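This structure is a prediction, so every number in the text was calculated from the model and none was measured. Residues: numbered from 1 along the sequence shown.
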Amino acid sequence: MNKFLFFVLLLSGHVAFAQNQQADSLNTKAEKENFSDDWAALTKYQKENEILPLPTRREKRVVFLGSSIFEFWKQKDPEYFNRNNYVDRGISGQLSPQLLIRFRQDVINLKPKAVIILAGSNDIAGNTGHVTIDKIMDNIKSMAELARLHHIKVILCKYLPVYEYPWNKRIKAADSIVKLNEKIEAYAKERNYTVLDYWTPLVDERKGQRAELTVDGVHPNLAGYKIMEEVTDAAVKRAFKNWH
């Protein structure tokens with residue numbers, strides 16, 4: 001009887017262990033959530049946004065919305081953002097339609113007084129055959145209109161000079177960047193938005209970035225970012241000159 005009871009208990013233990021292993025396996029699979037539908041990478045800043053306190057009534061919060069230029073900037077000079085009311089929401093590699101999708105979560109919901117929009121270079125670098133300057137501008141215009149609707153001051157950037165992309169040297173981007181910047185500047189003047197000119201202080205004779213200010217011809221080094229900080233602060237000051 002004791003042997004039989006021992007056998008039953010042993011068998012029950014094996015069954016329970018197997019069931020627990022199966023349950024753990026199912027739980028592990030359930031935890032591996034599929035984010036393939038998050039094309040715009042909304043999850044990247046979701047938790048940071050949740051813990052970011054809303055600005056005070058008098059606080060002049062500024063959100064930087066863009067791609068790798070902005071994301072790497074905070075990595076190279078975090079103190080610049082820490083000492084100002086600047087919130088960096090750059091995601092490397094993003095196209096202008098991805099920025100538009102993120103606009104509500106990463107700009108509007110953070111209640112800034114101003115947004116700096118830097119968009120278009122990755123669209124040009126993609127070489128998919130479907131991107132045009134006008135389509136880039138459509139996305140920039142949509143973001144600007146959303147900002148104005150929510151009483152957020154709009155600062156539109158003239159993109160940094162790029163002669164060619166190291167990862168796709170078939171594309172000579174210089175003239176496309178110039179054309180995009182001309183349209184951005186014309187639209188900003190038409191709508192009375194502030195223009196932030198990153199192109200002029202960084203450009204060389206080929207309409208690319210000055211070699212001493214860049215790591216790869218596309219992304220600035222710290223010296224390049226220091227120049228960008230000066231023109232950014234000046235543009236923010238202009239945007240807020242009538243702010244009370």
Side-chain angles (χ1 to χ4, degrees), residues 35-36 38-41 44-45 64-78 80 88-102 106 116-143 155-188 195-232:
F35 288 107
S36 60
D38 187 14
W39 178 66
K44 180 174 177 66
Y45 289 113
F64 288 55
L65 186 73
S67 54
S68 56
I69 302 296
F70 281 173
E71 184 173 11
F72 298 165
W73 190 346
K74 190 173 182 180
Q75 295 169 10
K76 280 189 165 55
D77 193 5
Y80 174 67
D88 189 305
R89 289 295 179 264
I91 298 181
S92 181
Q94 287 215 323
L95 309 170
S96 59
Q98 292 173 300
L99 303 182
L100 177 56
I101 290 172
R102 289 201 291 123
D106 291 344
I116 297 175
I117 301 170
L118 180 66
S121 179
N122 285 320
D123 304 61
I124 293 169
N127 197 28
T128 61
H130 304 126
V131 175
T132 65
I133 301 297
D134 286 339
K135 286 184 178 180
I136 296 170
M137 285 304 304
D138 284 345
N139 291 320
I140 291 174
K141 289 175 182 179
S142 292
M143 288 186 275
I155 302 173
L156 297 182
C157 301
K158 292 177 64 175
Y159 214 96
L160 291 70
V162 177
Y163 176 71
E164 65 182 11
Y165 299 99
W167 57 90
N168 193 350
K169 293 191 176 183
R170 293 175 301 165
I171 299 176
K172 303 305 179 186
D175 289 338
S176 294
I177 296 288
V178 169
K179 289 176 184 176
L180 174 62
N181 285 343
E182 287 172 351
K183 285 187 175 288
I184 288 172
E185 189 167 30
Y187 172 69
V195 175
L196 204 177
D197 184 1
Y198 288 141
W199 192 86
T200 301
L202 301 179
V203 72
D204 67 8
E205 68 282 354
R206 295 195 307 172
K207 302 178 190 173
Q209 275 179 61
R210 289 159 52 192
E212 71 274 18
L213 300 177
T214 182
V215 295
D216 59 1
V218 177
H219 302 92
N221 56 22
L222 184 57
Y225 278 124
K226 288 296 184 182
I227 292 173
M228 289 174 64
E229 289 170 11
E230 291 180 14
V231 294
T232 298

Colleague: According to salt bridge (charged side-chain N to carboxylate O under 4.0 Å, His left out), who are the partners of Lys76, at least two apart in sequence or on a separate chain?
Modeller: none

Colleague: Please name the pair of heavy atoms, one in Gly120 and one in Tyr159, separated by the smallest distance, quoted to 0.1 Å.
Modeller: N-CE1, 4.2 Å

Colleague: Looking at residues at least two apart in the chain, or sitting in another chain, which of them share a ring-ring contact (aromatic ring centres under 6.0 Å, His included) with Tyr80?
Modeller: Trp73, Tyr86

Colleague: More than 12 foreign heavy atoms under 6.0 Å from NZ of Lys179: is that the case here?
Modeller: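 Counting neighbours around NZ of Lys179, 12 or fewer heavy atoms of other residues, nucleotides or ligands fall under 6.0 Å, so no.
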
Colleague: How many angstroms lie between atom CG of Asp175 and atom CG of Leu180, to the nearest 0.5 angstrom?
Modeller: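 Nearest 0.5 Å value for the CG-CG distance: 12.5 Å.
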
Colleague: Between the side chain of Gln209 and the main-chain N/O of Pro161, is any donor-acceptor distance below 3.5 Å?
Modeller: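 Yes: the side chain of Gln209 pairs with the backbone of Pro161.
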
Colleague: Say you draw a straight line from CG of Asn181 to CG of Leu160; how long is it, rounded to the nearest 0.5 Å?
Modeller: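 Atom-to-atom, Asn181:CG and Leu160:CG are 9.0 Å apart.
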
Colleague: With a 3.5 Å cut-off and sequence neighbours excluded, list the donor-acceptor pairs that the side chains of residues 211-219 form with protein atoms.
Modeller:
unit_1	atom_1	unit_2	atom_2	d
Glu212	OE2	Arg210	NE	3.0
Glu212	OE2	Arg210	NH2	3.0
Thr214	OG1	Asp216	N	3.3
Thr214	OG1	Gly217	N	2.9
Thr214	OG1	His219	O	2.7
Asp216	OD1	Val218	N	2.9
Asp216	OD1	His219	N	2.7
Asp216	OD1	His219	ND1	3.4
Asp216	OD2	His219	ND1	2.8
His219	NE2	Ser68	OG	2.7

Colleague: Enter the distance from Leu196:CG to Ile117:CD1 here, rounded to the nearest 0.5 Å.
Modeller: 11.5 Å

Colleague: What's the shortest heavy-atom distance between Ala125 and Ile171, and which atoms?
Modeller: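 Taking Ala125 first and Ile171 second, the nearest heavy atoms are O-CD1, 3.2 Å.
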
Colleague: Please report the shortest heavy-atom distance between Gly90 and Phe70, naming the atom on each side.
Modeller: CA-CB, 4.0 Å

Colleague: Go through it in stages, so that I can follow the logic: the residues are Ile91 and Gln98, the test is side chain to side chain contact (heavy atoms under 4.5 Å, CB included), and I'd like the CA-CA distance, side-chain angles, deciding distance and then a yes or no.
Modeller: CA-CA 10 Å; Ile91 298 181; Gln98 292 173 300; over 6 Å; no

Colleague: Please say which of Val162, Leu95, Asn168, Ile133 ends up in a side-chain contact (heavy atoms from CB on, under 4.5 Å) with Ile124.
Modeller: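 Among the candidates, only Ile133 passes.
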
Colleague: Where do Asn122 and Gln94 come nearest, in terms of heavy atoms and distance?
Modeller: ND2-O, 3.0 Å

Colleague: Looking at every non-hydrogen atom in both residues, tell me the closest pair between Ala188 and Val195 and how far apart they are.
Modeller: CB-CG2, 3.4 Å

Colleague: Quick check against the 3.5 Å criterion: does Tyr225 have a side-chain atom that pairs as donor or acceptor with the backbone of Ile69?
Modeller: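 Confirmed, Tyr225 side chain pairs with Ile69 backbone.
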
Colleague: Search all heavy atoms of Cys157 against all heavy atoms of Ile184 and return the closest pair with its distance.
Modeller: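 Looks like O-CD1, 3.5 Å.
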
Colleague: May I ask you to decide if Arg102's main-chain N or O and Arg89's side chain share a donor-acceptor pair within less than 3.5 Å?
Modeller: no

Colleague: What residues, two or more places apart in sequence or in another chain, satisfy side-chain contact (heavy atoms from CB on, under 4.5 Å) together with Glu182?
Modeller: Val178

Colleague: Going from OH on Tyr163 to CG on Asp204, what distance comes out if it is rounded to the nearest 0.5 angstrom?
Modeller: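 Going from OH on Tyr163 over to CG on Asp204, the span is 10.0 Å.
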
Colleague: When you check the gap from the basic side-chain N to the acidic O, do Asp38 and Lys44 get nearer than 4.0 Å?
Modeller: no

Colleague: Side-chain donor-acceptor contacts of residues 136-143 below 3.5 Å, not counting sequence neighbours, with atom names and distances?
Modeller:
unit_1	atom_1	unit_2	atom_2	d
Asn139	ND2	Ser96	OG	3.0
Asn139	ND2	Lys135	O	3.4
Ser142	OG	Asp138	O	3.1

Colleague: Calculate, to the nearest 0.5 Å, the distance between atoms CG and CD1 belonging to Asn221 and Ile227 respectively.
Modeller: 8.5 Å

Colleague: Salt bridge (charged side-chain N to carboxylate O under 4.0 Å, His left out) with Lys158: which residues, sequence neighbours excluded?
Modeller: Glu185, Asp197

Colleague: Has Asp88 got a side-chain atom pairing as donor or acceptor with Phe64's backbone, closer than 3.5 angstrom?
Modeller: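 Such a contact is absent between Asp88 side chain and Phe64 backbone.
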
